[in-house]
Amino acid sequence: MSELPSERGAEVGRRIGVGLMFGLWKPRVLGAWKVPATGPVIFAVNHSHNIDGPMVMGVAPRPTHFLIKKEAFVGPLDPFLTGIGQLKVDRDTTDRKAITRALGVLEAGGVLGIFPEGTRGEGDFASLRAGLAYFAVRSGAAIVPVAVLGSTERRGRLFKALPPLRSRVDVVFGDPFEAGDGSGRRTRKALDEATERIQKQLAAHLEHARRLTGRPADDGRRRDA
């Protein structure tokens, strides 16, 4: 098996994230107690802004290894992201090394972070790739839905690419659930059925998170400040 990403590094990344996220913005974290304290877990995170991953990494109760597109591993970010236990993935091919390492994280009882939509967009879980279902069914890990709300509500005045400094960003962790049907099947049909179940669970969690936080349904669409 390929060398596993560093658990200690991921914990360092979590601590760095705590300092940055709470220093620059005002995260409001809800439901973190729902995250299983031990055992393999997959965070399924909606994705509408580049800070969503670092935000979850910083506020999550456990160190997290995110699958991150290889394009982000440029210059000094490459050794930094690798050092804090993050996983480089080539989205344009079947990246077997990334798959093996991600499964290794789960087999070791760690936390894997995935953006199931595959790319940054509306962040509404409307279109999921099959990767999340594969990792969940293959590993038997519980999926914890995570909704990040407020990261794209307004643009910052000083840094247009970031939310306004000291603005509130809500991170809502949901109830863990199993993706499989209990049969242990890993066929294409089983994965398609699992993906459908996951999509319904994630969409329901996002709707619940919006009601809980008072965020409008179009929160994921960026508006100028």
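For the pair M57/I84, a side-chain contact is recorded, criterion being any heavy-atom separation below 4.5 Å from C-beta on. For the pair P36 and V144, the minimum side-chain heavy-atom distance is below 4.5 Å. L112 places a side-chain heavy atom less than 4.5 Å from the side chain of L87. Looking at I16 and V12, their side chains come closer than 4.5 Å, going by heavy atoms from C-beta outward. With a 4.5 Å cut-off on side-chain heavy atoms, P163 and H49 count as touching. Side-chain contact between R101 and K88 is absent, with no heavy-atom pair separated by less than 4.5 Å. The shortest distance between side-chain heavy atoms of T64 and V41 does not fall below 4.5 Å. Residues P54 and L20 fail the side-chain proximity criterion, which asks for heavy atoms closer than 4.5 Å.
For the salt bridge (charged side-chain N to carboxylate O under 4.0 Å, His left out) test, no residue two or more places apart in sequence or in another chain qualifies with R8. In this view, R62 satisfies the side-chain hydrogen bond (donor to acceptor under 3.5 Å, both in side chains) rule with no residue, not counting sequence neighbours.
Atom CG of L77 sits about 10.0 Å away from atom OG1 of T82, to the nearest 0.5 Å. Annotation: the span from I42 atom CD1 to I114 atom CD1 amounts to 5.0 Å, rounded to 0.5 Å. Atom NE2 in H208 sits 9.0 Å away from atom OG1 in T213 (nearest 0.5 Å). R168 contributes atom CZ, which lies 12.5 Å from atom OG of S151 (distance to the nearest 0.5 angstrom). Going from atom CD of E193 over to atom NZ of K189 covers 5.5 Å, rounded to the nearest 0.5 Å. The CG atom of D92 sits 6.5 Å away from atom CD of E71, with the distance rounded to the nearest 0.5 Å.
As a member of the Ile/Leu/Val/Met/Phe/Trp/Tyr network built from side-chain separations under 4.5 Å, L212 groups with L30, V172.
When all heavy atoms of R166 and G23 are compared, the closest pair comes out as NH1-O, 3.2 Å. Here the shortest heavy-atom pairing between L106 and P40 reads O-CB, 3.2 Å. Across every non-hydrogen atom of P116 and L132, the tightest pair is CB-CD2, 3.7 Å. Contact between P63 and V111 at its shortest, heavy atoms only, is O-CB, 3.5 Å. Taking each heavy atom of G53 and F66 in turn, the nearest pair found is O-CE1, 3.7 Å. For the residue pair A147 and L206, the shortest heavy atom distance occurs at CB-CD1, 3.9 Å.
No donor-acceptor distance shorter than 3.5 angstrom exists from the side chain of E7 to the backbone of V105, with no hydrogens or angles considered. Put simply, the side chain of R15 never gets that close to the backbone of A10: no donor and acceptor are under 3.5 Å apart. No side-chain donor-acceptor contact under 3.5 Å links D90 to the backbone of D95.
The number of heavy-atom neighbours closer than 6.0 Å to CZ of R188, taken from other residues, nucleotides and ligands shown, is 12 or below.
Pairs of residues two or more places apart, or lying in two chains, that qualify as side chain to side chain donor-acceptor pair (under 3.5 Å) and include a residue from residues 133-145 are Y134-R138. Legend: side chain to side chain donor-acceptor pair (under 3.5 Å) pairs involving residues 16-31, not counting sequence neighbours, sorted by first then second residue: R28-D170. Residue pairs meeting the ring pair (Phe, Tyr, Trp, His ring centres under 6.0 Å) criterion with at least one partner in residues 168-189, sequence neighbours excluded, are F43-F173.
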